[in-house]
Amino acid sequence: MSECVNLSACGFFKKYCQTKDLACKGFISMYCKGSKMNDCKRLQYKKETGTPPPDDMMPSGQMIK
Ligand code: SF4
């Protein structure tokens, strides 16, 4: 699979997929469209709590300030 299963529903991706910010771009290419998608903390959050995480939570689990 080349893209995260949650891509179309993901608030982080929706909000930041057009970003020029290099850190966000890096996350998207590593997680959303890369080999680390199964390590995404947003996916884990959703699985554990049953609700989507805030849009500003990065795949690493930290919040964008
Ligand atoms: S941030 Fe996580 S849940 Fe959202 S699309 Fe990327 S890998 Fe999937």
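Just follow the structure's listing: the first ligand is 1, and inside any ligand the first atom is 1.
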* Can you tell which part of P59 has a heavy atom less than 4.0 Å from ligand 1: side chain, backbone, both or neither? -> side chain
* **Worked verdict on D56 versus K65 for side-chain contact (heavy atoms from CB on, under 4.5 Å)** => CA-CA 8 Å; D56 289 340; K65 291 178 198 109; over 6 Å; no
* Structure fact -> d(I28 CD1, C17 SG) to nearest 0.5 Å is 6.0 Å
* Would you say the side chain of F12 lies within less than 4.5 Å of the side chain of R42, judging by non-hydrogen atoms? -> yes
* Atom indices of ligand 1 within 4.0 angstrom of L7 heavy atoms, with elements -> 5 (S)
* Kindly indicate whether the side chain of K47, heavy atoms from C-beta on, has any atom under 4.5 Å from the side chain of Q44. => no
* To do: Within a distance under 4.0 Å of any heavy atom of C4, pick out the atoms of ligand 1 and give their elements.
  => 3 (S), 5 (S), 7 (S), 8 (Fe)
* Asked: Atoms of ligand 1 less than 4.0 Å from L43 heavy atoms?
  -> 3 (S)
* **Nearest-neighbour protein heavy atom for atom 6 (Fe) of ligand 1, which is reported as residue plus atom name and distance** => C32 SG, 2.3 Å
* Inter-residue atom distance D55.CG - C10.SG, 0.5 Å rounding -> 8.0 Å
* side-chain contact (heavy atoms from CB on, under 4.5 Å) between E3 and F13: does it pass, once the steps are laid out? -> CA-CA 11 Å; E3 283 184 356; F13 185 77; over 6 Å; no
* To do: Check whether any N, O or S atom of C40 sits under 2.8 Å from atom 2 (Fe) of ligand 1.
  => yes
* Structure fact -> If you scan protein heavy atoms around atom 1 (S) of ligand 1, the nearest is R42 CD, 3.5 Å
* To do: Output yes if C10 passes the N/O/S-under-2.8 Å test against atom 4 (Fe) of ligand 1; output no otherwise.
  => yes
* Asked: Looking at F12, which atoms of ligand 1 are within less than 4.0 Å of one of its heavy atoms?
  -> 1 (S)
* Mark up the atoms of ligand 1 that fall under 4.0 Å of a heavy atom belonging to N6, in ascending order. => 3 (S)
* Step by step, work out the side-chain contact (heavy atoms from CB on, under 4.5 Å) result for F27 and S60. => CA-CA 8 Å; F27 278 126; S60 63; 3.8 Å; yes
